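The next block holds one structure in the form of structure tokens; read it before the comments.
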Amino acid sequence: MKTIKVFTAFSGYDSQMMALNRVADRHKGEIDFELVGWSEIDKYAIKAHDLIFPQYKDRNYGDIRLIDWDKVPDFDLFTYSSPCQDWSNAGLQRGGQEGSGTRSSLLWECRKAIIAKKPKYLLLENVKALVSKKFMPYFNKWCYELEEYGYYNYWRVMNAKDYGVPQNRERVFLLSIRKDIDNSDFIFPKEFELTTCLKDVLEEAVDEKYYLSEKSIEGFLAHNENHEKKGTGFV
């Protein structure tokens, strides 16, 4: 059985490993995945990660800016869904220029891992705005760097509703494959008809503590109105 070693950056509760475990379940005895390391600093995300993946509790390398990659075990796949707040239409769109200090500029810290470890595969997932007219120069610059490091790049904007999830959620996916690895049979997954509605997954009885208060709703509406005045609103 083939075991692919993985490092997830900006891990959160690690939906990446959740997805990979589903792949392993579908191909039992053929392929498996091992998380050799992950990087997260948010205390609540870390707590969630430790509950979901207790076997990897001692493999959090913390702040990606401070990692000594020479001390990290080699890995085949590097996922790096870097912070989206400064690309997103729902945020202030401060951008992610290298050295700017924005959360989204942490993307550039990932080059250290890529140069040091040269993993076979790289996977970035982020908001659609990253490939908008405003931010496309940053995306192109990043892709060019990856080409210089020896990778072929494939990217596409994909919507969750086209892959079985009852949510209109567009995200850009960038898969980079090291040039010495055969990539002749790679294709993005094909879209398929959505058969699940939101009502199919919602719980019928939900405790009132999970509902937003009137004050919170007013705050969200005011926030959106402010963005609309600036031309960056949700609607």
Side-chain angles (χ1 to χ4, degrees), residues 4-23 33-50 52-53 56 59-67 69 72 75-91 93-98 100 102-114 117 119-132 135-136 138-143 145-146 149 151 153-160 162-163 165 167-177 188-189:
I4 295 179
K5 297 184 182 297
V6 185
F7 191 103
T8 63
F10 315 105
S11 305
Y13 57 81
D14 228 327
S15 57
Q16 298 92 332
M17 278 304 299
M18 288 182 176
L20 293 174
N21 284 341
R22 292 181 67 179
V23 172
F33 299 89
E34 179 190 357
L35 187 65
V36 301
W38 51 291
S39 171
E40 182 56 64
I41 61 173
D42 182 88
K43 64 179 181 180
Y44 299 110
I46 293 171
K47 185 175 181 179
H49 196 289
D50 289 345
I52 298 169
F53 300 105
Y56 300 132
R59 299 185 185 183
N60 181 13
Y61 285 81
D63 193 330
I64 193 169
R65 296 170 297 180
L66 306 178
I67 296 175
W69 291 100
V72 177
F75 45 87
D76 306 296
L77 170 62
F78 180 59
T79 72
Y80 58 113
S81 300
S82 53
C84 67
Q85 293 94 330
D86 301 297
W87 308 119
S88 176
N89 291 330
Q93 290 199 308
R94 294 184 299 166
Q97 183 174 353
E98 185 174 4
S100 63
T102 67
R103 287 166 292 186
S104 293
S105 68
L106 288 171
L107 167 67
W108 307 99
E109 292 290 333
C110 297
R111 68 156 66 94
K112 298 175 184 176
I114 296 167
K117 311 306 289 187
K120 296 176 181 178
Y121 311 101
L122 316 172
L123 181 62
L124 173 148
E125 173 269 338
N126 218 299
V127 292
K128 181 183 177 181
L130 178 55
V131 292
S132 65
F135 297 128
M136 194 67 178
Y138 299 110
F139 184 76
N140 285 335
K141 182 177 184 293
W142 178 248
C143 288
E145 279 204 27
L146 295 180
Y149 301 150
Y151 290 88
N153 296 312
Y154 305 88
W155 70 271
R156 176 180 291 183
V157 173
M158 305 171 76
N159 197 324
D162 297 322
Y163 299 94
V165 179
Q167 182 183 24
N168 184 32
R169 185 181 181 88
E170 291 182 299
R171 292 294 184 268
V172 60
F173 290 84
L174 169 65
L175 175 67
S176 305
I177 302 177
F188 280 100

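All values below were derived from every heavy atom in this structure, side-chain atoms included, with hydrogens, water molecules and symmetry-related copies excluded. In this chain, numbering begins with 1 at the start of the sequence shown. Owing to the predicted nature of the structure, the values given are computational and were not obtained by experimental measurement.
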Self-check item: Heavy atoms of other groups near Y138 OH, more than 12 under 6.0 Å
Solution: yes

Practice problem: Evaluate side-chain contact (heavy atoms from CB on, under 4.5 Å) for I46 paired with W38, printing each intermediate quantity in order. | Solution: CA-CA 10 Å; I46 293 171; W38 51 291; 4.1 Å; yes

Quiz item: Does the D42 side chain pair with the main chain of G12, one donor and one acceptor, at a distance under 3.5 Å?
Solution: no

Practice problem: Report yes if some heavy atom in the side chain of M18 is under 4.5 Å from a heavy atom in the side chain of Y13; otherwise report no. | Solution: yes

Quiz item: Has K112 got more than 12 heavy atoms of other residues, nucleotides or ligands less than 6.0 Å from its NZ?
Solution: yes

Exercise. List the atom of P189, the atom of R156, and the distance in Å for their closest heavy-atom pair.
Key: O-NH1, 4.1 Å

Quiz prompt | Non-hydrogen atoms of C110 and I64 that approach each other most closely | solution = SG-CD1, 4.0 Å

Exercise. State the NZ-CD distance between K141 and Q97, to the nearest 0.5 angstrom.
Key: 9.0 Å

Practice problem: Give a yes or no on whether the backbone of F10 and the side-chain of S39 come within a donor-acceptor separation of less than 3.5 Å. | Solution: no

Quiz item: Taking atom OG of S81 and atom CZ of R171, what is their separation to the nearest 0.5 Å?
Solution: 10.0 Å

Quiz item: When rounded to the nearest 0.5 angstrom, what is the spacing between CD1 in I4 and CG in L77?
Solution: 7.0 Å

Self-check item: Atom pair CD/CH2 of E145 and W142 - distance to nearest 0.5 Å
Solution: 6.0 Å

Quiz prompt | Residue that, paired with W155, satisfies ring pair (Phe, Tyr, Trp, His ring centres under 6.0 Å) out of F173, F139, F188 | solution = F139

Quiz item: Taking the side chain as C-beta and beyond, is there a heavy-atom pair between Q85 and R94 under 4.5 Å?
Solution: no

Practice problem: Report yes if the side chains of K128 and V172 come closer than 4.5 Å at any heavy-atom pair, otherwise no. | Solution: no

Quiz prompt | Rounded distance [0.5 Å steps], OH in Y56 versus CG in D50 | solution = 13.0 Å

Practice problem: Determine the minimum heavy-atom distance between K117 and V72, stating which atoms define it. | Solution: NZ-O, 2.6 Å

Quiz item: Can you check whether L122 reaches L146 side chain to side chain, under 4.5 Å on heavy atoms?
Solution: yes

Quiz item: Any idea which heavy atoms bring S88 and A129 closest together, and the distance?
Solution: CA-CB, 4.3 Å

Quiz item: Quick one: does L107's side chain get under 4.5 Å of N126's, heavy atoms only?
Solution: no

Self-check item: Whether T102 side chain and S105 backbone form a donor-acceptor pair below 3.5 Å
Solution: yes

Practice problem: Can you see which heavy atom on I114 is nearest to which on P119, and at what distance? | Solution: O-CD, 4.0 Å

Quiz item: According to the interplanar angle, ranging from 0 to 90°, do the rings of H49 and F53 count as parallel (below 30°), tilted (30 to 60°) or perpendicular (above 60°)?
Solution: tilted

Self-check item: Interatomic spacing from CE in M17 to OG in S11 - rounded to 0.5 Å
Solution: 10.0 Å

Quiz item: Checking N60 side chain against E40 main chain: does a donor-acceptor pair fall under 3.5 Å?
Solution: yes

Quiz item: Is there a donor-acceptor pair under 3.5 Å between the side chain of W108 and the backbone N or O of G96?
Solution: yes

Quiz item: Do you know the tightest heavy-atom contact between F7 and Y61?
Solution: CE1-CD1, 3.8 Å

